[in-house]
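Structure, as structure tokens:
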Amino acid sequence: MAHLFVEFAVTLLLGALLGAMAFYSWTRLFKPPQQAANRQLEFHFHNRELVGACPHARRSLSLEDLDEDIYHQLIDRLSGVFPDLQTRLSEAAPRGAKFTLCEVVKNGPATLHVEVKGGDLKLQLSGLEAPLSRKILVDSDHAAAVASEVAVLRASTDSAPYLSWRETADGTVDWINQTYAATTQDADVEHGANLWPPTRLFTGGPVTPAGAAPQSKRSTLVMKSGGQKTFEVTRFGSDTGTINFAVDVDATVKAEESLRSFMQTLTQTFATLPIGLAIFDRSRALMMFNPALTDLTSLEPQWLAARPTLYDFVNQLREKRILPERRDFADWRKKITELEQSAADGSYCETWTLPTGQTYRVTGQPHPQGAVAFLLEDITAEMSLTRKFRRELALNQTMLDHLPEALALFADDGVICMTNAAYDTLWDADPEAALDQLTITDASKLWQANSVPTPIWGDARDFVTQRGDRSEWTDTATLTNGLVVTCRFQPLAGGATLVAFTRCQRTATPPPQTTQLTAVSS
């Protein structure tokens, strides 16, 4: 009996324990989720772009939301719960503010904490169980990946060295990057009373339709430092406005101005040159010429400005009789090719004697990137002067050769400038020898070798190389052939010296040879 009573008590106790566990499980399973109602959703916007959100907030947004304008969609949905939100945001935008909105919903009170500071907007939402999106939610991994991509894109635009911004259809700036914001602070422009929207720095310019090649326009901004900067602005059109980019090209503009000034200097320099200049580019089209070229060739400036080829240029010179005549056209055309190749190698230099009697010196010089420059110089006067000088030299030489006196002219440095035929005959000198390589030392050695020992030749060397005042003097010398000559040393202007040898009327007995004297002695 006692044994049965114990078993009954144990069974009753187990039943009570199982009932308690079932009741506890039922209460835990069907208890309302109070914590879910108190969960907070946090959003962080910068210039109306979502830059941060807590995990719960990201889960409340769909993938489509992340691809669209989240700011306006979220504000519209929250305005359905908090009707004063739009008005309070507009009031807080100019100066920044913090405020809290509270409303009662079917699940209890809902609270929205708002913090506005410049372009930053922070929202903290609590008390709403339903998701904010009206679309199908995606898993947290996809939302995190999209948010990460948005953060990368935001960081990329803020780190870009160029200005980037977006304008609405009415020209209002509704998004900027950090470079645009920094430039706004440095630029000398009027700022509105409100911090948002930002100041519009650039107005107008071409708007490129979607799919078309972009078009750029340069605009200048006056800076607070007193200078100005030039930007190249490119605008891309869209359905809701424009996407704009501006690159600082101030250094490029300065380089262009420097190059333009340099080209103007070159042009002015070339314009005053008496030498004709023609520069042909790599394709052998005339790229630059100066006024002297038109004067020397009689080619019309309009024809030259049309950038003729090198072949047409030389052909036109032939028609103007500025080119030496060729026997046949094939040979003339070959000469043109040789002229171009020689000029490209920097070895072309030729003298053109024209049928008109003029003489031109044509020089070809290579330039970077395959360009070739031709210099056309009128040397008619120079050639005439050279020919006249040569005629005078030949006439003087002929006159000296007809004189019976042997003459030798020495410059102030002791180099022989001129001799006559009588000198070459007397001293058995080579008339073909280069006179500019013979000095008084060489001449005195020749005189000494063909005469008996005498101190005249040493005195002659000292006299020719002497500086200062000198006086004419004469002496006689006996040659090895027994001939007696009178030597005259006459100073000339500029330090030059004239040495003259005159044969005497008598002839001395030739001195005996050394071998004969030795035989008599023995």
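Predicted model only: the values in this text are computed from it and were never measured.
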Okay, side chain of [X], backbone of [Y]: is any donor-acceptor separation there less than 3.5 Å?
X: Gln365; Y: Leu375; result: no
X: Thr179; Y: Pro161; result: no
X: Tyr311; Y: Arg284; result: no
X: Lys445; Y: Ile440; result: no
X: Asp250; Y: Lys229; result: no
X: Arg307; Y: Leu286; result: yes

Derivation and outcome, side-chain contact (heavy atoms from CB on, under 4.5 Å), residues Arg218 and Val249: CA-CA 9 Å; Arg218 288 186 177 180; Val249 294; 4.2 Å; yes
Apply the test salt bridge (charged side-chain N to carboxylate O under 4.0 Å, His left out) to residues Arg467 and Asp412: give CA-CA distance (whole Å), side-chain angles for both, the deciding distance (0.1 Å), then the verdict. CA-CA 9 Å; Arg467 296 291 182 267; Asp412 58 345; 5.4 Å; no
Check against salt bridge (charged side-chain N to carboxylate O under 4.0 Å, His left out), Arg387 and Glu392: CA-CA 9 Å; Arg387 295 189 187 103; Glu392 292 180 354; over 6 Å; no
Closest non-hydrogen atom pair between [X] and [Y], with its separation:
X: Val464; Y: Gly414; answer: CG1-CA, 4.1 Å
X: Pro308; Y: Phe280; answer: O-CE2, 4.0 Å
X: Cys349; Y: Thr363; answer: SG-OG1, 3.9 Å
X: Asn290; Y: Leu277; answer: OD1-N, 2.8 Å
X: Ala429; Y: Leu446; answer: CB-CD2, 4.4 Å
X: Leu201; Y: Thr183; answer: CD1-CG2, 4.1 Å

Working to the nearest 0.5 angstrom, can you tell me the gap between [X] [atom1] and [Y] [atom2]?
X: Asn420; Y: Thr398; atom1: CG; atom2: OG1; value: 11.5 Å
X: Ser261; Y: Glu256; atom1: OG; atom2: CD; value: 13.5 Å
X: Asn450; Y: Thr478; atom1: CG; atom2: OG1; value: 13.0 Å
X: Ile176; Y: Arg200; atom1: CD1; atom2: CZ; value: 14.0 Å
X: Thr297; Y: Gln316; atom1: OG1; atom2: CD; value: 9.0 Å
X: His46; Y: Tyr71; atom1: NE2; atom2: OH; value: 13.0 Å

Is there a side-chain contact between [X] and [Y] (heavy atoms, below 4.5 Å)?
X: Leu354; Y: Ile322; value: yes
X: Ile456; Y: Trp473; value: yes
X: Val253; Y: Glu257; value: yes
X: Arg391; Y: Phe389; value: no
X: Leu407; Y: Leu403; value: yes
X: Leu409; Y: Leu400; value: no
X: Gln228; Y: Leu221; value: no
X: Asn244; Y: Phe202; value: no

Students often mix this up, so state it plainly: with edges at 30° and 60°, are the rings of Trp447 and Trp427 parallel, tilted or perpendicular?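 Rings of Trp447 and Trp427: tilted, 30 to 60°.
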Please work out whether the ring planes of Tyr162 and Phe245 are parallel, tilted or perpendicular, with thresholds of 30° and 60°.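 Aromatic pair Tyr162/Phe245 classed perpendicular.
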Do Phe313 and Phe374 have ring centroids that are under 6.0 Å from one another?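 For Phe374 and Phe313, the ring centres are not under 6.0 Å apart.
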Answer yes or no: is there an ion pair linking Glu382 with Arg361, defined by an N-O contact shorter than 4.0 Å?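 The answer is yes: the pair qualifies as a salt bridge.
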Charged N to carboxylate O below 4.0 Å: is that the case for Glu405 and Arg503?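 The answer is no: the pair does not qualify as a salt bridge.
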For salt bridge (charged side-chain N to carboxylate O under 4.0 Å, His left out), just list the numbers for Glu49 and Arg154, CA-CA rounded to whole Å, side-chain angles, deciding distance to a tenth of an Å, and then say yes or no. CA-CA 9 Å; Glu49 292 285 344; Arg154 181 65 195 182; 5.9 Å; no
Determine whether Glu167 and Thr172 satisfy the following criterion, side-chain contact (heavy atoms from CB on, under 4.5 Å), listing intermediate values before the conclusion. CA-CA 5 Å; Glu167 295 180 6; Thr172 302; over 6 Å; no
Would you verify whether the NZ or CZ of Arg470 falls within 45 degrees of the ring axis of Phe463 while also being under 6.0 Å from that six-membered ring's centre?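 Yes, cation above the ring, under 6.0 Å and within 45°.
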Taking it one step at a time, do Tyr360 and Thr351 satisfy side-chain contact (heavy atoms from CB on, under 4.5 Å)? CA-CA 6 Å; Tyr360 286 171; Thr351 301; over 6 Å; no
Residues, nucleotides or ligands: over 12 heavy atoms within 6.0 Å of [X] [atom1]:
X: Asp469; atom1: CG; value: no
X: Glu472; atom1: CD; value: yes
X: Arg390; atom1: CZ; value: no

Salt bridge (charged side-chain N to carboxylate O under 4.0 Å, His left out) for Arg166 and Asp174? Distances and angles first, verdict last. CA-CA 6 Å; Arg166 185 174 62 189; Asp174 64 347; 3.3 Å; yes
Going by distance alone, is a donor N or O of one side chain under 3.5 Å from an acceptor N or O of the other, for Trp457 and Ser451?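 There is such a pair (donor and acceptor under 3.5 Å, judged by atom type) between the side chains of Trp457 and Ser451.
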Qualifying residues under side chain to side chain donor-acceptor pair (under 3.5 Å), relative to Asp413, sequence neighbours excluded: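 Once residues adjacent in sequence are excluded, Asp413 has no partner under the side chain to side chain donor-acceptor pair (under 3.5 Å) criterion.
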All ring pair (Phe, Tyr, Trp, His ring centres under 6.0 Å) counterparts of Tyr180, not counting sequence neighbours: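 Tyr180 satisfies ring pair (Phe, Tyr, Trp, His ring centres under 6.0 Å) with Trp165 once adjacent residues are dropped.
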Please determine whether side-chain contact (heavy atoms from CB on, under 4.5 Å) holds for the pair Val485 and Thr476, giving the CA-CA distance in whole Å, both sets of side-chain angles, and the decisive distance to 0.1 Å. CA-CA 6 Å; Val485 294; Thr476 59; over 6 Å; no
Are Ser216 and Thr234 close enough, and set up right, to give a side chain to side chain donor-acceptor pair (under 3.5 Å), and what steps lead you there? CA-CA 5 Å; Ser216 301; Thr234 306; 2.9 Å; yes
